[in-house]
Structure formats: C-alpha cells, structure tokens
Amino acid sequence: PPHHFPVGRIGVAAVTAGPGVTNAVTAIKNAQMAESPVLLIGGAAASLQKGRGALQDIDQLSLFKTLCKACVSVRAVRDIVPALRKAIATAQSGTPGPVFVELPIDVLYPFHMVEKEIGGTKSGRGLRGKMVQGYLQNYIRNLFAGAWEPRDVSPLPVQVPLATEDGGGWGGAAAGLGYGRAGF
C-alpha cells in the first residue's frame, strides 16, 4: 500500500465552514485512496444555529462519512483536545486514512465573545424572556464547562498492523475463492 507519510506523521488541513469543507472533498477522497493519514478540521455554524438555516450550515459529517475513517463534531470546548487526539490516532492506526473533525464557531471563540453574541448577560423581559435567557446562560455554561482544566495532550497509541508469517498474498483463504484457477 502507498504510504506517503513517514510513520508518526500526519497531514493536517483546516478549512472554513461550507465552501471550505465542500472544496476539500476531492482531496480527502484522494487521501483515502492513497491510504494517507490526514486530519481535516472544518469550521461549522454555531451549535445553537445548526439545522436552522444559518449561513453555510450543511450536514458536513454526511459528506465525509464514506470517505473518512471517523467523523466527529465537537460539542463543547473541553472536548476539543480529546477529539483531536483520538482523530490523529485513528488516522494513523490500522490502514491509514483521513478523519474529519468539525468545530462549530461557538466552540472556537473565546468565552466573552460567545457570551456577547448569544446574549447570555441580558436580562429577559417577561416569563418567556427569562426562560430563554436562562436556557442561553445554561448553554454557555455547558459549552465552556471544564474548558480551563488541564488536558493530556500526549499522543494516543497508534495500532499498526503487522505482517503475518505466511506473508499474505494470494495464498491461503484467497486461493479457496478460485483466484488463479483456469477458467475463472
């Protein structure tokens, strides 16, 4: 199999939501066919706006699920490092290949900006307004909960397949399938 990356190395691309992600489809397919470990990090609409017609909000995970060994959307700031560690190990383990990690914009921006944009500090008017504000404040607290705790950033172990004693090839089980016999 073609391995274009030295062991322990991985290609990384970071692209914007929508057109950046869709323009990466061909490159990710090529990485899949070349068995190249590639981490594609794609931006996405804010989690609260997903599926609600936000600008450049498409189902990006579906675009890559047949091309990548793993596709994940990070839902909280505390999950960024663990998701990236697992994605890198997955890309390099077994048959190398691409992985996709989606990072919604509210997971990437600093707390004060997300709080300002979402309006978590405004006081709601009336019962409905207070309920909406309570929901938004809870959302922001959950989004950033544990974000400042130390994370293990060491690489996860990579599972590399080893050659078997028979050396593989067309012998063994494949011979029983009729390969190499006259008339097949």
Side-chain angles (χ1 to χ4, degrees), residues 1-47 49-109 151-181 184:
H3 295 286
H4 302 289
F5 287 92
V7 174
R9 304 290 233 163
I10 183 171
V12 179
V15 297
T16 190
V21 171
T22 58
N23 286 338
V25 170
T26 303
I28 293 301
K29 178 60 180 176
N30 287 337
Q32 178 197 40
M33 293 186 329
E35 296 178 359
S36 297
V38 174
L39 168 62
L40 176 64
I41 301 170
S47 303
Q49 297 175 332
K50 286 229 168 230
R52 297 188 172 148
L55 180 65
Q56 299 179 346
D57 179 26
I58 60 171
D59 185 0
Q60 299 178 145
L61 297 178
S62 290
L63 285 175
F64 292 105
K65 69 182 178 183
T66 62
L67 304 176
C68 292
K69 294 177 67 177
C71 295
V72 64
S73 183
V74 176
R75 298 288 178 213
V77 175
R78 68 183 167 272
D79 297 330
I80 294 173
V81 170
L84 292 174
R85 287 177 75 217
K86 185 172 182 183
I88 290 168
T90 300
Q92 294 176 312
S93 292
T95 301
V99 292
F100 176 60
V101 176
E102 180 182 75
L103 296 173
I105 198 165
D106 51 350
V107 172
L108 292 175
Y109 280 5
R151 298 274 179 257
D152 182 1
V153 294
S154 63
L156 292 173
V158 174
Q159 305 300 320
V160 179
L162 301 175
T164 59
E165 284 187 30
D166 68 7
W170 290 103
L177 296 176
Y179 293 103
R181 279 195 254 157
F184 184 75

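- For T66, there are no side chain to side chain donor-acceptor pair (under 3.5 Å) partners at least two apart in sequence or on another chain.
- Residues satisfying the side-chain contact (heavy atoms from CB on, under 4.5 Å) test with S154, not counting sequence neighbours, are R85, D152.
- The shortest non-hydrogen separation linking V101 to A87 is CG2-CB, 3.6 Å.
- The shortest heavy-atom contact between A46 and D106 is CA-OD1, 3.6 Å.
- Nearest heavy-atom pair across A91 and K69 is O-NZ, 4.1 Å.
- Looking only at side-chain heavy atoms (C-beta outward), L40 and P98 stay at 4.5 Å or farther from each other.
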What pairs of donor and acceptor atoms, side-chain ones from residues 21-28 against any protein atom, are under 3.5 angstrom apart with sequence neighbours left out?
from: T22; atom 1: OG1; to: G18; atom 2: O; distance (Å): 3.3
from: T22; atom 1: OG1; to: P19; atom 2: O; distance (Å): 3.2
from: N23; atom 1: ND2; to: P19; atom 2: O; distance (Å): 3.2

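- Under the rule for a side chain to side chain donor-acceptor pair (under 3.5 Å), K86 has no partner lying at least two apart in sequence or in another chain.
- For residues 62-104, the pairs satisfying ring pair (Phe, Tyr, Trp, His ring centres under 6.0 Å) are F64-F100, with sequence neighbours left out.
- In plain terms, the two heavy atoms of E35 and T95 that are nearest each other are CD-CG2, 3.5 Å.
- Shown here are the side-chain contact (heavy atoms from CB on, under 4.5 Å) partners of A70, two or more places apart in sequence or in another chain: T90, V99.
- Residues meeting the side-chain contact (heavy atoms from CB on, under 4.5 Å) test with I88, sequence neighbours left out: I10, L39, Q92.
- Closest non-hydrogen pair, Q60 versus G43, comes out as NE2-O, 3.0 Å.
- Between R151 and P82, some side-chain heavy-atom pair lies under the 4.5 Å cut-off.
- When the side-chain contact (heavy atoms from CB on, under 4.5 Å) test is applied to S93, the partners found at least two apart in sequence or on another chain are V158, Q159.
- The CG atom of L84 sits 6.5 Å away from atom CG of L103, with the distance rounded to the nearest 0.5 Å.
- Smallest separation of non-hydrogen atoms from L156 and A89: CB-CB, 3.8 Å.
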